[in-house]
Amino acid sequence: MKINLPSTAIMVTERCTLKCKLCLAYVPYYSSYETMDIKQAADILRTYFQMIDTVNKISITGGEPLLNKDLNEILHEIYKYDEQILDEIILITNGTLPLQEELVRTLKANKKIKVIVNNYGSISKFAKQNYKILQEHNIKNILYDEDNRYGWIDCRDHTLKHAADEEKIAQAQGCAFFKGKKYVINRGNLYTCTRAAYRIQENIIPYTENDYINLNDDNTDIAFKREKLLNLLHLKYTVSCPYCDGLLENSKKYKAAEQL
């Protein structure tokens with residue numbers, strides 16, 4: 001059976017220039033911080049693209065990806081798998097750091113690239129400058145500000161909320177993250193969403209090795225990893241769903257990027 005994933009985000013760094021109270025990756029709340037280097041990226045990407053057949057969208061996220069000194073090389077490594085990436089390669093930045101010339105050249109090298117520039121007002125002092133540079137170089141981009149941004153949600157409560165199976169299924173089926181299969185790679189592991197990634201990494205919820213895939217595990221062959229991924233894809237809910245409010249149609253929305 002062929003495996004196509006709708007979306008996978010690669011956290012190239014957990015470090016960030018901001019401390020957003022409602023960060024959906026929980027970056028300000030990590031007990032320690034790691035950054036992916038080019039060797040790690042090459043190994044992880046090789047395994048990932050052996051494990052899947054295609055992916056619609058790959059996103060480069062953090063933290064703030066521009067803090068990763070190997071970002072240019074990581075992008076070129078991703079480009080090697082261009083034929084397996086069907087739609088877009090998305091870089092997401094918070095507008096606090098300027099785009100460097102070398103990175104702009106790297107971004108121009110692939111037509112599937114799209115840059116999302118978030119403008120959070122005065123704290124995103126390079127957002128408009130970066131947007132202008134991207135426009136001038138005909139690099140696909142979106143500038144998100146208060147006029148076109150969706151509100152943020154609060155997923156900081158990690159207590160058990162859905163105990164019965166029917167409650168867990170209802171929660172998952174209503175969540176945009178679960179329905180969209182918005183998977184994430186961090187610290188060499190593939191998780192079903194950034195909420196699951198944080199809760200598992202920080203040992204906040206009970207979990208087993210079946211709830212994520214270790215892409216660095218050379219003792220496990222690709223066929224076994226593919227089987228684990230197929231199992232994740234067919235779940236009615238994930239290990240994280242019972243502890244989550246998720247992104248539902250009626251989720252309460254908050255102002256973006258309020259700082260701690």
Side-chain angles (χ1 to χ4, degrees), residues 1-12 24-25 36 40-62 65 74-92 107 109-116 140-142 150 168-169 171-197 200 207-218 220-241 244 246-249:
M1 179 183 294
K2 288 196 171 184
I3 297 177
N4 170 261
L5 292 184
S7 174
T8 301
I10 303 172
M11 288 183 67
V12 297
L24 278 179
M36 180 185 293
Q40 292 170 327
D43 292 342
I44 289 165
L45 288 166
R46 184 186 310 110
T47 301
Y48 172 80
F49 282 103
Q50 288 175 343
M51 185 177 66
I52 69 158
D53 293 287
T54 54
V55 60
N56 291 345
K57 297 180 181 180
I58 285 283
S59 299
I60 300 99
T61 69
I74 292 172
L75 281 166
H76 283 294
E77 197 66 33
I78 291 171
Y79 292 171
K80 293 179 181 179
Y81 304 96
D82 186 73
E83 290 186 1
Q84 289 177 259
I85 303 169
L86 300 182
D87 298 325
E88 294 179 320
I89 302 167
I90 303 169
L91 174 66
I92 303 173
L107 295 171
N110 192 297
K111 296 299 183 184
K112 291 179 181 176
I113 277 285
K114 180 170 75 177
V115 181
I116 293 177
K140 284 189 296 185
N141 64 85
I142 297 175
Y150 296 106
K168 298 173 187 177
I169 293 170
Q171 166 63 26
Q173 297 304 316
C175 176
F177 301 124
F178 180 88
K179 291 188 293 185
K181 306 298 180 188
K182 297 180 182 294
Y183 291 1
V184 60
I185 296 171
N186 194 33
R187 299 189 184 186
N189 295 321
L190 177 80
Y191 300 97
T192 50
C193 68
T194 55
R195 271 64 58 203
I200 290 172
Y207 66 91
T208 72
E209 290 187 355
N210 292 324
D211 297 314
Y212 65 94
I213 299 172
N214 183 349
L215 302 178
N216 287 324
D217 181 9
D218 295 330
T220 304
D221 63 25
I222 293 299
F224 184 79
K225 289 184 172 71
R226 283 176 65 90
E227 189 63 32
K228 285 187 73 171
L229 180 54
L230 284 170
N231 288 336
L232 289 177
L233 282 167
H234 289 100
L235 290 175
K236 293 182 179 179
Y237 58 86
T238 75
V239 67
S240 181
C241 294
C244 201
L247 178 54
L248 310 177
E249 284 189 11

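What's counted below: heavy atoms across the whole structure, side chains too, no hydrogens, waters or symmetry copies. The structure displayed is predicted, hence computed values, not measured ones.
Looking only at distances, no side-chain donor or acceptor of Q84 sits under 3.5 Å from a matching main-chain atom of T54. Proximity of a side-chain donor or acceptor of D53 to a complementary backbone N or O of I3 within less than 3.5 Å is detected. Formation of a donor-acceptor pair under 3.5 Å by the S59 side chain with backbone atoms of T61 is not found in this model. Proximity of a side-chain donor or acceptor of D43 to a complementary backbone N or O of Q40 within less than 3.5 Å is not detected.
Checking each of K228, E209, K225 against T220 for a side-chain contact (heavy atoms from CB on, under 4.5 Å) leaves exactly one that passes, namely K225.
A salt bridge links K112 and D82; the closest N-O separation between the charged side-chain nitrogens and carboxylate oxygens is under 4.0 Å. Contact check on K114 versus D87 returns no salt bridge, with no Lys/Arg side-chain nitrogen under 4.0 Å from an Asp/Glu carboxylate oxygen.
Minimum interatomic distance between L24 and F177 (heavy atoms only, all atoms of both residues): CD1-CZ, 3.6 Å. Across all their heavy atoms, T47 and L215 have their closest contact at OG1-O, 3.4 Å.
For the atom pair CD1 of I78 and CD1 of I113, the computed distance is 7.5 Å after rounding to the nearest 0.5 Å.
Between the side chains of Y212 and N214, no donor N or O sits under 3.5 Å from an acceptor N or O. T8 and Y48 form a side-chain donor-acceptor contact under 3.5 Å, judged by distance and modelled atom types alone.
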Go through R46 and Y81 one step at a time and tell me if the side chain to side chain contact (heavy atoms under 4.5 Å, CB included) criterion holds.
CA-CA 9 Å; R46 184 186 310 110; Y81 304 96; 3.7 Å; yes
What's the verdict on side chain to side chain contact (heavy atoms under 4.5 Å, CB included) for Y79 and I89, showing C-alpha distance, side-chain angles and the deciding distance?
CA-CA 9 Å; Y79 292 171; I89 302 167; 3.9 Å; yes
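A cation-pi contact links K181 to F178, judged by a cut-off of 6.0 Å to the six-membered ring centre and 45° from its axis.
Around the NZ atom of K182, the shell of radius 6.0 Å holds no more than 12 heavy atoms that belong to other residues, nucleotides or ligands.
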